2 protein chains.
Amino acid sequence: MHKFILMEENYLTYPKHFVAVDCIIFGFDGDDLKILLVQRNFEPKKGEWSLMGGFIDDKENSDQAANRVLNTLTGLENIYLEQLNTYTEIDREPTARIMSISYYALINIQDNIQINEKYSAKWFDFKDRPDLIFDHNVMVKDAVLRLRRRATTRPIGFELLPEKFTMKDLQNLYEAIFDEKYDKRNFTSKINALDVLVKTNEKDMSSSKKGSFLYTFDEEKYNKKISEGFMFKI
Amino acid sequence: MHKFILMEENYLTYPKHFVAVDCIIFGFDGDDLKILLVQRNFEPKKGEWSLMGGFIDDKENSDQAANRVLNTLTGLENIYLEQLNTYTEIDREPTARIMSISYYALINIQDNIQINEKYSAKWFDFKDRPDLIFDHNVMVKDAVLRLRRRATTRPIGFELLPEKFTMKDLQNLYEAIFDEKYDKRNFTSKINALDVLVKTNEKDMSSSKKGSFLYTFDEEKYNKKISEGFMFKI
DNA sequence: ACAAAAGTGTTCGTCTTACACCCATGT
DNA sequence: ACATGGGTGTAAGACGAACACTTTTGT
């Protein structure tokens with residue numbers, strides 16, 4: 001039978017635990033959804049692929065830890081990060097009991113990122129990612145579900161696309177996230193109905209002879225819509 | 001500048017933390033959404049209202065800890081519990097740094113619950129709950145958002161209603177969760193379209209002279225629908 | 001002139017919403 | 001007989017899904 005441990009006096013007699021964060025880092029290159037993974041350079045499981053993680057320090061909260069980890073790996077600041085789940089199985093890592101709070105990040109690959117070489121990190125096609133250590137596969141599966149939910153709730157492109165993008169880019173992004181194909185006409189009119197994009201008069205000439213118009217997000221309108229609680233359903 | 005703490009060798013040099021669980025316990029009495037709160041019987045904030053919580057032991061994961069806490073308070077087993085967020089602000093409690101993983105529970109108040117008297121717990125109308133200690137108000141706000149999301153994704157009545165219930169009960173429950181009123185005819189036909197209820201030939205005579213039919217959930221159909229990924233939108 | 005991608009509207013069916021009257025029964 | 005809550009259907013509008021042709025321009 002289990003010894004009772006409830007919130008009572010004498011805090012200090014209770015056990016303490018290692019707590020880490022692990023980041024599921026999503027990117028988009030215009031065609032495919034990507035995930036940034038690191039190759040472990042220490043035992044156990046040295047050489048295998050894993051999420052980028054780090055322990056939480058005494059002087060930071062978990063959001064700060066996740067930002068720090070991400071910044072150490074990519075040099076980026078102010079990245080979109082969202083807490084997901086906390087994994088607490090006793091034997092989830094073999095070395096010691098370590099709880100882990102997962103975070104997912106959305107980053108725009110085009111911001112030329114200087115990946116810290118110390119961590120042997122690599123972008124993988126999401127659909128073609130390697131098997132990961134420990135429970136990291138589960139974390140990734142949970143994260144993509146959240147990403148999809150988030151994408152139905154708000155147009156997520158802000159974070160994953162460059163400042164200017166074509167309608168095709170945006171459609172490719174949604175198709176990559178949901179692993180589905182959409183009709184171009186329906187997609188366009190749904191996006192236009194949202195009324196959060198601004199059509200610039202520049203064209204991207206790289207993909208066709210005709211060229212396709214570039215759009216930007218109207219951040220103000222977008223934030224207004226969010227605060228009014230709109231839902232974006234593809 | 002911050003000292004780097006990343007996942008590397010020498011796990012044991014990293015700091016450890018207190019980690020607790022806190023339970024947001026929802027109930028439904030047929031009319032109103034309820035929340036079960038406990039009055040602290042120790043300092044700090046002795047006498048004030050809070051969520052029921054407890055520290056995570058070395059030999060249990062957080063789900064088990066949440067179940068234990070809930071069981072200690074109510075004597076109930078196998079309650080629907082779902083992990084929510086993890087709160088890690090350094091000063092979220094004044095005594096020591098304690099991280100807390102929140103869980104929400106759905107319980108059917110009619111199962112005559114023997115609340116452990118040691119904890120001076122009390123059911124409050126959700127809309128009329130007292131101010132809570134620390135960041136527990138935030139936890140509750142986050143929890144009700146999740147409850148609403150969950151309720152749009154699956155008919156949640158299983159957990160919050162007694163085995164047999166009237167259509168009115170179910171409507172009252174959804175109205176309580178969303179704090180909105182629905183049209184009786186539309187509600188009924190939407191529920192019927194879901195095809196997960198079984199109409200018994202018993203009536204509840206307590207609410208009217210005519211009496212109203214009692215329903216049960218068809219658990220098999222319900223699980224089948226869930227696995228097919230249906231969405232229940234009110 | 002042709003190849004290759006961009007851009008654009010309409011129709012049909014389904015779902016959502018608004019709305020009001022009769023029913024069964026106990027008193 | 002009447003008061004109380006229970007139970008039911010329909011019409012109008014909004015929304016989602018399916019679908020194909022014209023435009024532009026570089027080669």
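In what follows, chains are A, B, ... by sequence order, proteins preceding strands, each numbered from 1. Source: prediction; values computed, not measured.
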Which part of the nucleic acid, if any, lies within contact of B:K184, taking any heavy atom under 4.0 Å across all strands shown: a base, the sugar-phosphate backbone alone, or nothing?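 Base, at least one base atom sits under 4.0 Å.
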[X] side chain to [Y] main-chain N or O, any donor-acceptor pair under 3.5 Å?
X      : Y      : answer
B:R129 : B:F126 : yes
A:D125 : A:D128 : no
B:D22  : B:S102 : no

For [X] and [N], what is the distance between atoms [atom1] and [atom2] respectively, to the nearest whole Å?
X      : N      : atom1 : atom2 : value
A:K203 : C:dA6  : NZ    : P     : 10 Å
A:L194 : D:dC15 : CG    : C1'   : 14 Å
B:K210 : C:dT25 : NZ    : P     : 8 Å
A:F213 : C:dA5  : CZ    : P     : 18 Å
A:N186 : C:dG13 : CG    : C1'   : 14 Å
B:D204 : C:dT25 : CG    : C1'   : 14 Å
A:D183 : C:dA6  : CG    : C1'   : 14 Å
A:F187 : C:dG7  : CZ    : P     : 13 Å

Does A:G211 or A:K190 map to a spot on DNA chain D nearer the 5' end, using the closest nucleotide for each?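 Nearer the 5' end of the strand: A:K190.
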Side chains of B:Y87 and B:D142: do they bring a donor and an acceptor to under 3.5 Å?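 The criterion, which ignores hydrogens and geometry beyond distance, is satisfied for B:D142 and B:Y87.
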Which nucleotide sits closest to the side chain of [X]: [options]?
X      : options               : answer
B:R185 : C:dT8, C:dT17, C:dA20 : C:dA20
A:S208 : C:dT8, D:dT8, C:dA5   : C:dA5
B:K209 : D:dG6, C:dA5, C:dT27  : C:dT27

